[in-house]
Structures are given as structure tokens and as C-alpha cells.
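All values below were derived from every heavy atom in this structure, side-chain atoms included, with hydrogens, water molecules and symmetry-related copies excluded. Small disclaimer: the values here were computed from a predicted structure and weren't measured.
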Amino acid sequence: MKNAPRAKSACTGVQIDVLLSQMGKYDPDIQAVFQALADPTRCAIVATLGQGPRTVSMLAEPFEMALPSLMKHLAVLERSGVVRSHKQGRIRTCELVPERLGQAEQWLAAQRAMWEARAERMVEFVETLHRQEQAHGRTRR
């Protein structure tokens, strides 16, 4: 049996599995959240739902699109776990799942902390190098 081809990012050609292996505690489900939020229509839906639950017809009002198109966006948000809906009679109501957005926020915070720590180490390294160069320069004179 041949090895499965490695996934590559469409925009950079970087092997995604290599990047993910380098990321500590990567949650593959977070990818679904970010993919769902990558679309401006879905971001607008999430922003609206941030004000409280809304019916599908209320969510559809500001958009110039057919209801089936809006339902596809809602389906993506539901599959990612960002939104949940329930139907009562003929009315479907959607609401945010704050815990799911919180997981994405925690992942981003962990990434930020990692990069800030790396930046701090780089600053310390450069400052140490600078001090060493200054000390070495003084003894040569």
C-alpha cells in the first residue's frame, strides 16, 4: 500500500501535517471553527447572534441572498459547533455556542503566548550579543 499524499496548503504549498506536528496541543476541530469564520457572511451571522438568538428569517433579512444559500452558511456554522439551532413548529431559531468560540480564543491565546515568548528570547539574545560586542570592542582599543 502506498503512503497517502500529504495535505498542502493551497496558498503556500506548505505541508500542513508538518506545520501541525510542530504546534503543541493542536486541536484539529479548531480548524473547522476558523474555516467557518473565514467567510464574511458567516462572520456577520455570528456577530448578529452575539446579540442573542435569532430566527432564520431574522438572520436572512440583511442579506441579499436566497434562503437556501443562507441555510448553507448556517449549516457550516453548525457543523463547526459555533452555532446550534432548534426548530419549534415551522420556526428555526439559531444561537451561538460560546464555549466553541472560547476554545478558538484559547487556542489563539496559546499561539500568541508562544510567539511572544519567542520574541522575548530573540530580544534577550540580541541584547546579549550587543553587550558582548561592546565588551569585546572595549578590550581591543
Side-chain angles (χ1 to χ4, degrees), residues 1-88 90-141:
M1 184 194 237
K2 292 183 179 180
N3 290 342
R6 294 180 182 210
K8 289 192 177 189
S9 168
C11 41
T12 63
V14 174
Q15 291 180 338
I16 293 173
D17 57 343
V18 172
L19 287 175
L20 295 181
S21 69
Q22 296 171 357
M23 296 168 52
K25 298 181 181 178
Y26 175 74
D27 179 1
D29 292 335
I30 294 298
Q31 181 178 352
V33 173
F34 290 123
Q35 284 178 333
L37 297 175
D39 182 88
T41 300
R42 292 192 288 267
C43 280
I45 291 169
V46 168
T48 300
L49 291 175
Q51 300 168 2
R54 300 285 191 271
T55 65
V56 170
S57 58
M58 290 169 70
L59 289 171
E61 284 177 17
F63 300 104
E64 294 181 15
M65 68 174 66
L67 192 57
S69 296
L70 181 79
M71 293 302 292
K72 287 181 183 180
H73 285 292
L74 288 171
V76 170
L77 288 167
E78 283 195 71
R79 279 194 306 272
S80 73
V82 172
V83 170
R84 68 177 152 240
S85 68
H86 61 278
K87 192 170 184 178
Q88 188 172 7
R90 296 179 62 182
I91 299 172
R92 178 167 295 282
T93 303
C94 300
E95 63 183 339
L96 280 182
V97 180
E99 300 84 13
R100 193 69 176 129
L101 291 172
Q103 290 170 347
E105 184 179 12
Q106 288 173 355
W107 185 86
L108 285 171
Q111 296 304 304
R112 183 183 320 111
M114 179 183 66
W115 283 104
E116 286 174 353
R118 286 180 179 176
E120 287 173 15
R121 287 194 306 268
M122 178 62 85
V123 167
E124 290 172 10
F125 174 74
V126 170
E127 288 173 347
T128 300
L129 247 155
H130 183 67
R131 283 192 302 273
Q132 289 173 351
E133 286 176 354
Q134 284 182 332
H136 184 66
R138 287 186 198 143
T139 58
R140 289 178 119 179
R141 291 183 183 166

Could you tell me the separation between the [atom1] atom of [X] and the [atom2] atom of [Y], rounded to the nearest 0.5 Å?
X: Leu74; Y: Leu49; atom1: CG; atom2: CG; result: 7.5 Å
X: Ile45; Y: His73; atom1: CD1; atom2: NE2; result: 6.5 Å
X: Phe125; Y: Arg118; atom1: CZ; atom2: CZ; result: 15.5 Å
X: Glu127; Y: His130; atom1: CD; atom2: NE2; result: 9.0 Å
X: Thr93; Y: Lys87; atom1: OG1; atom2: NZ; result: 11.0 Å

Output all residues satisfying salt bridge (charged side-chain N to carboxylate O under 4.0 Å, His left out) with Arg84, sequence neighbours left out; order by chain, then residue number.
Glu95
In chain order, what residues pass the ring-ring contact (aromatic ring centres under 6.0 Å, His included) check against Phe63, with sequence neighbours excluded?
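Counting only residues at least two positions away or on another chain, Phe63 forms no ring-ring contact (aromatic ring centres under 6.0 Å, His included).
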Please list all pairs passing the salt bridge (charged side-chain N to carboxylate O under 4.0 Å, His left out) test where one or both residues lie in residues 102-116, with sequence neighbours left out.
none
Check [X] against [Y] and note the closest heavy-atom contact, atom names and distance.
X: Ser80; Y: Ala36; value: OG-CB, 3.6 Å
X: Gly81; Y: Val97; value: O-CB, 3.2 Å
X: Val83; Y: Cys94; value: CG1-CB, 4.0 Å
X: Leu59; Y: Leu70; value: C-CD2, 4.1 Å
X: Leu67; Y: Ala60; value: CD1-CB, 4.1 Å

Can you tell if the side chain of [X] reaches within under 4.5 Å of the side chain of [Y], non-hydrogen atoms only?
X: Arg79; Y: Val76; answer: yes
X: Thr128; Y: Arg131; answer: yes
X: Arg42; Y: Val46; answer: no

I'd like to know whether Val56 forms a side chain to side chain contact (heavy atoms under 4.5 Å, CB included) with Met71, so could you lay out the CA-CA distance, the side-chain angles of the two residues, the decisive distance to 0.1 Å, and finally the verdict.
CA-CA 8 Å; Val56 170; Met71 293 302 292; 3.5 Å; yes
Applying side chain to side chain donor-acceptor pair (under 3.5 Å) as the test, list every pair that has at least one member in residues 48-60; sequence neighbours left out.
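Residue pairs passing side chain to side chain donor-acceptor pair (under 3.5 Å), neighbours aside: Gln51-Arg54, Thr55-Ser57.
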Would you list the pairs meeting side chain to side chain donor-acceptor pair (under 3.5 Å) in which at least one residue belongs to residues 59-69, sequence neighbours left out?
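Applying side chain to side chain donor-acceptor pair (under 3.5 Å) to every pair that reaches into residues 59-69, excluding sequence neighbours, yields nothing.
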Any donor-acceptor pair under 3.5 Å linking the side-chain atoms of Arg100 with those of Gln103?
yes
Any residue meeting side chain to side chain donor-acceptor pair (under 3.5 Å) with Glu78, in chain and number order, not counting sequence neighbours:
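Listed in chain order: Ser85.
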What's the verdict on side chain to side chain contact (heavy atoms under 4.5 Å, CB included) for Leu101 and Leu37, showing C-alpha distance, side-chain angles and the deciding distance?
CA-CA 10 Å; Leu101 291 172; Leu37 297 175; 4.2 Å; yes
Answer yes or no: does atom CG of Leu129 have more than 12 heavy-atom neighbours from other residues, nucleotides or ligands under 6.0 Å?
yes
Any chance you could lay out the side chain to side chain contact (heavy atoms under 4.5 Å, CB included) test for Met65 and Thr41, step after step, and finish with the verdict?
CA-CA 10 Å; Met65 68 174 66; Thr41 300; 3.7 Å; yes
